[in-house]
Each structure stands twice: as C-alpha cells, then as structure tokens.
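This report refers to the structure that appears directly beneath it.
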Amino acid sequence: MPQGVPTLEQRRAGVGIAYDANLVPSLKRDHADLVQLYGAIGDLARQGDFQQIPQMLNAFKVHLEGHLIAENVRFYNYVESSMQGDAESTALVRSFRREMNAIARGVVDFVKKYQLSAFDQQAREEFMADYQTVYGLLAQRIEREESSLYPLYLPH
C-alpha cells in the first residue's frame, strides 16, 4: 500500500478525507439545481405537458444520486470522523443520513412509477399528488440540511 493512502477501514471511518472549503457551497448549488429542475417538471405537468416528464424525472434522479454520493462520501464520512467522541452530534448526523436514504428510496420509487409512455387522467392526477408530496419532503430536507447539518462541516 503506497504511503499516505488510507486503508479500506480508514476510508470507511472517514480517515484520510480532507476538509474541502468548496464542498458545502457545491452541495448548496446542487440543491438549487435540483429545486430548479424539480420545479420545471411541475411546471410542465401543470401545463398538461407530460411527454418530457419521464426523461426529466430520470435526469432529476441521476442528479440527486450524484449529490447523495458526494454527500455520503465527502460530507458524512468527514463529519462523523471529526465528531468521534461526541455521541450526541454523531447520532444527529447518522439520523440525517438514514432519513436521506429513505427519502432517496422514495424519489427513486416516484421516478420509476412515472416512467409511462402516456399519462391518462388518473395518472396525471396521481402524479400531481405524488409530485407535491415529494416536493414537500425535499424542500423540508434541504432547509434542514442547510440550517442544521452543513454548519457541522468544519476544518479540524
């Protein structure tokens, strides 16, 4: 193993992940991009234009998954590593991580459900209801991440 390259156990523990002053601003830009794309999907649906929605939902899912990978690997592992010994903060971070994984599964299910070649009236109505539910979860989660979670990312 080359000098300075963390072992698998160290990588899993977040050791060797350096602080990156650009990480939180980058994650916040992802949030803004995700909200904008999700809003555009809703705009099309409200206009009754469902033709592009499956493709746009897939683009949203891919962007969200990329964001979650960066968050998991670069943010959560670093923060958990820097908080070793602080049981309360570590528990908070882990609960955020578990909750986000559940939300991500819900988004993936939502995207899969609406990979339709045509949207009849029932599908359109269900889509709008599901769209609003997912939007509420995402908006609340983004607000909580940016106000409560991201401030925990500090150099150590």
Side-chain angles (χ1 to χ4, degrees), residues 12 14 17-83 86-156:
R12 282 198 178 122
I17 296 172
Y19 176 80
D20 177 356
N22 295 315
L23 179 60
V24 168
S26 172
L27 293 173
K28 286 182 175 182
R29 273 193 307 279
D30 280 350
H31 285 167
D33 292 346
L34 286 163
V35 167
Q36 183 177 15
L37 178 54
Y38 201 76
I41 292 167
D43 290 346
L44 282 177
R46 281 186 285 279
Q47 294 162 20
D49 182 1
F50 283 79
Q51 187 178 350
Q52 296 177 62
I53 285 182
Q55 178 185 348
M56 289 177 75
L57 284 172
N58 266 328
F60 178 81
K61 179 179 78 89
V62 167
H63 195 91
L64 179 65
E65 288 169 341
H67 172 77
L68 295 178
I69 289 168
E71 214 169 51
N72 269 313
V73 171
R74 298 178 61 210
F75 179 88
Y76 284 114
N77 287 343
Y78 176 88
V79 171
E80 284 183 14
S81 165
S82 70
M83 293 184 164
D86 181 346
E88 193 174 311
S89 293
T90 300
L92 172 73
V93 170
R94 288 193 175 142
S95 75
F96 262 97
R97 195 177 207 168
R98 275 192 307 276
E99 177 189 291
M100 190 63 239
N101 289 335
I103 291 171
R105 280 190 299 277
V107 169
V108 169
D109 291 344
F110 170 66
V111 170
K112 281 182 189 171
K113 179 177 177 180
Y114 293 105
Q115 293 305 302
L116 306 172
S117 55
F119 284 74
D120 62 18
Q121 191 57 37
Q122 182 180 349
R124 289 171 183 238
E125 289 169 13
E126 283 182 27
F127 176 84
M128 288 312 299
D130 290 345
Y131 174 88
Q132 289 301 334
T133 300
V134 170
Y135 182 80
L137 289 172
L138 289 173
Q140 180 184 52
R141 174 59 190 221
I142 287 170
E143 191 280 321
R144 286 179 52 229
E145 277 188 359
E146 292 186 2
S147 66
S148 301
L149 188 64
Y150 288 174
L152 300 176
Y153 187 79
L154 300 167
H156 65 87

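What you see is a predicted model, and the numbers here were worked out from it, not measured in a lab.
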Just to verify, what does [X] make a salt bridge (Lys or Arg N to Asp or Glu O under 4.0 Å) with, not counting sequence neighbours?
| X | answer |
| --- | --- |
| D20 | R74 |
| R124 | none |
| R141 | E99, E145 |

Inset, instruction - Could you list all the side chain to side chain donor-acceptor pair (under 3.5 Å) pairs where at least one residue sits in residues 127-137, not counting sequence neighbours? - result: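 Passing the test, one end in residues 127-137: K113-D130, Y114-D130.
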To the nearest 0.5 Å, how far apart are [atom1] in [X] and [atom2] in [Y]?
| X | Y | atom1 | atom2 | result |
| --- | --- | --- | --- | --- |
| E71 | L27 | CD | CG | 5.5 Å |
| I142 | D30 | CD1 | CG | 9.5 Å |
| L152 | E80 | CG | CD | 11.0 Å |

Inset, instruction - On the 0 to 90° scale, with breaks at 30° and 60°, tag the Y19-Y153 ring pair as parallel, tilted or perpendicular. - result: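 Correct class here is parallel.
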Legend entry - Main-chain N/O of N77 paired to S81 side chain as donor or acceptor, under 3.5 Å: no
Legend entry - Sidechain-backbone polar pair: S147 side chain, E143 backbone, donor-acceptor under 3.5 Å: yes
Do [X] and [Y] come within less than 4.5 Å of each other through their side chains, counting heavy atoms only?
| X | Y | value |
| --- | --- | --- |
| Y150 | L23 | no |
| N72 | N101 | yes |
| E126 | F119 | no |

Inset, instruction - Would you check, one step at a time, whether the test side-chain contact (heavy atoms from CB on, under 4.5 Å) holds for L34 with L138? - result: CA-CA 9 Å; L34 286 163; L138 289 173; over 6 Å; no
Inset, instruction - Determine, stepwise, if the pair V107 / E65 fulfils side-chain contact (heavy atoms from CB on, under 4.5 Å). - result: CA-CA 10 Å; V107 169; E65 288 169 341; over 6 Å; no
Inset, instruction - Under the ring-ring contact (aromatic ring centres under 6.0 Å, His included) rule, collect the residues that match up with H67, sequence neighbours excluded. - result: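 H67 satisfies ring-ring contact (aromatic ring centres under 6.0 Å, His included) with H31 once adjacent residues are dropped.
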Inset, instruction - Grab the two heavy atoms, one from I17 and one from Y78, that are nearest each other, plus how far apart they are. - result: O-CD1, 3.2 Å
Distance-only donor-acceptor pairs under 3.5 Å for side chains of residues 45-64, two or more places apart:
unit_1	atom_1	unit_2	atom_2	d
R46	NH2	D43	OD1	3.1
D49	OD1	Q51	N	3.4
N58	ND2	Q115	OE1	3.1

